[in-house]
Amino acid sequence: MQSADIIFKNAIILTMDGNFHQYEQGALAVIGADILAVGLESEITSSYSAPEVIDCDGKVLMPGLVNAHTHVPMTLLRGLADDLRLDVWLMGYMMPVEREYVSPDFVQLGTKIACAEMIRSGTTTFADMYYFEEDVAKATAAAGLRAVCSQTVMKFPTPDAKFYEESLAMSREFIQRWKDHPLIVPSVAPHAPYTCTAEILRATAELAIEFDVPLHTHLSETAIEVENMRNEQGMPVIPYVKKQDLFEAKVLAAHCVHIDEGEIRTLQHGKVGVAHNPSSNLKLSSGIAPVKRMLELGLNVGIGTDGPASNNDLDMFEEIRLASFAQKVASGDPTALPARTALAMGTIMGAKALHIGEFTGSLEPGKHADLILVDLSPVHNTPHFRRDPNAVYAQIVYASHASDVSDVMVNGRFLMRNRRLLTVNEPELLGQSQEYAHKIDSFLMERENSVLSKLIAIGGTSQEESFEIQSKVRIASVEPILHALTNPEIEIIRKRHYREYDVYFFFASVEQGLLRYREDSFIEDDAVSKVRSRLTLIGPTREDEFPQEVLLSRSRYLAPANQSVRFYREYFKPHLEKEIEKDRIRFLVKYHDIEFFINLDTISKPNLGCFLEVKSRTWSRQDAELKSKLVVDLIHLLGADPTETTSEDYIGMVR
Ligand SMILES: [Zn+2]
């Protein structure tokens, strides 16, 4: 008799090994952190003895599930913002809240909550990507779960680093410190090609190669991502990252939704593990990944929940089922992705995708004892047919609930027995997480009430505040003014020609001001030479007024508009919106030694005719008074009638 520490007996064992061995009346022996033997109960109990023998009462004993891609601390952001497009969700809500709240404390608490949820739902291993990843690792190790923990690196400032060099240095130190940990595989995560530079992709790949650790990233998640990459780099995402030598590292790539046959072959060639995230891809309407084809071409495709803010849970049972259903409907073939294959993706293939398949993911002697017991006795899973050996896989994939998991062991240590968590204090976590929810709620409620705070929240805003003295008058046509500009009293410093497309967002409360999205097409020799987009928050109506309706106005925060009009519309949710298109000839002139801008506008949409606008920046009351007089003089000098003022500006007219 060989001695073991624990023997599980009277179980239906699904080994998920290379031949899908299963034992209807099986037993498994554990010694230390590892599986010593697995087989028929009669053989195991006659060859091994242990101080603890557990009668599994006919439950399924199988490898713990492998969540191949997630962002576990985001449990604290679960339900924060839903039913939004990916860019609005990410840039408008997740990133601003993360910049404000994500700290080592946030990350540890979020991870503990995730660990409790994962243990309860039978996950023993997960691949994570977040900030302060060392804190994810600490909380995970304390809860006793196994994980590939990937420190995020990206070109934008993150909650844990102002510059990418800092994240890269953090990744290096983290990997060095945790490299030989029994539960944690440290790793580096260039977030995605669209949030990283080529330099970051290369540097992270080199780091992963240097320490022989996995590299975790998001690839080809949405059609827009691929389209932008084609426009910017002349090729889709997969060839682009290959060109940066990313696939020299052991890559775990999440999503891979929008890839073609050639790209699948490139991934296969690069031994890339893929994490398929059906809930997230469906919820964010990203599409359905070509999983069936990836499997046919021999890729290791695991299944992940993605972050709990885009799922919204960490339930791998649901995810595995959805993976199977999504392939069936996408291919129009109900034989696609059968239950046994789906469960393999959720266990051993997932472990291989994480590049840790040699020590977890299946029940085989020598591998770590990462296993779960699933109760098949509840009414939603009866009766049991045994004619088809695959029937038990169908029971697990199509009918089992996460709550049917009764026991969980990782690395030979029990984390849950009879549904009682042994390493995490659940009630304590619930209270603490609700405190965060209160804080984040008030932060967002305050922000949602102010267009200015919302503008600042998406970043890139320069806090430029400018006062302008301005007058706008209606004119019959542009030509006479152009002629009048030759007057020797006016010195022309610069002349520019633009075609301007403006979208004005109005808000229910006038105090909010209005937001202008402007696309300037700069015209040179009758052709568009460059286009720039800007966002301007225009202050609430007039600040002050001088004789002849010369206005003092205030424009507040300027930002380069690097998102689409659609993004801003969905993010700011304006009450009303107006489009204006105009041809503008813009002069910078000197008059009485003071600089003025003179704009000659022909408004084509809506058809409002021509306007002359004279304006100048101002800094003091005295200066404003002087300039307001000069503005009126200039309008006279140009042969226009200053009394033909438009009381506000175009906005007033089109509103
Ligand atoms: Zn993700």
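Along the sequence shown, residues carry numbers from 1. Counting convention: from 1, in listed order, for ligands and their atoms alike. Atom set for the values below is all heavy atoms of this structure, side chains included, hydrogens, waters and symmetry mates excluded.
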Could you tell me whether Arg321 and Glu318 make a salt bridge, using a distance below 4.0 angstrom between a side-chain N and a carboxylate O?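 The answer is no: the pair does not qualify as a salt bridge.
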Could you pull out all donor-acceptor pairs under 3.5 Å where a side-chain atom in residues 86-98 meets a protein atom, sequence neighbours excluded?
{"residue": "Asp87", "atom": "OD1", "partner": "Arg566", "partner atom": "NH1", "Å": "3.1"}
{"residue": "Asp87", "atom": "OD2", "partner": "Arg566", "partner atom": "NH1", "Å": "3.4"}
{"residue": "Asp87", "atom": "OD2", "partner": "Arg566", "partner atom": "NH2", "Å": "2.9"}
{"residue": "Trp89", "atom": "NE1", "partner": "Ala81", "partner atom": "O", "Å": "3.2"}
{"residue": "Tyr93", "atom": "OH", "partner": "Glu448", "partner atom": "OE1", "Å": "3.3"}
{"residue": "Tyr93", "atom": "OH", "partner": "Lys573", "partner atom": "NZ", "Å": "3.4"}
{"residue": "Glu98", "atom": "OE2", "partner": "Tyr130", "partner atom": "OH", "Å": "2.7"}

Side chain to side chain donor-acceptor pair (under 3.5 Å) with His276: which residues, sequence neighbours excluded?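 Result, side chain to side chain donor-acceptor pair (under 3.5 Å) vs His276: none returned.
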According to side-chain hydrogen bond (donor to acceptor under 3.5 Å, both in side chains), does anything in residues 355-364 pair up with another residue at least two apart or in another chain? List the pairs.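 Found Thr360-Asp370, Ser362-Glu364, Ser362-Lys367.
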Quick one: pull up OH in Tyr436 and CG in Asp441 and give me the separation to the nearest 0.5 Å.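 Rounded to the nearest 0.5 Å, the OH-CG separation comes out at 15.0 Å.
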Using a cut-off of 2.8 Å, how many protein N, O or S atoms sit around the Zn ion (ligand 1)?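 With waters ignored, the protein N/O/S count below 2.8 Å is 4.
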Ring centre gap for Phe156 and Phe163 strictly below 6.0 Å: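 No, ring centres 6.0 Å or more apart.
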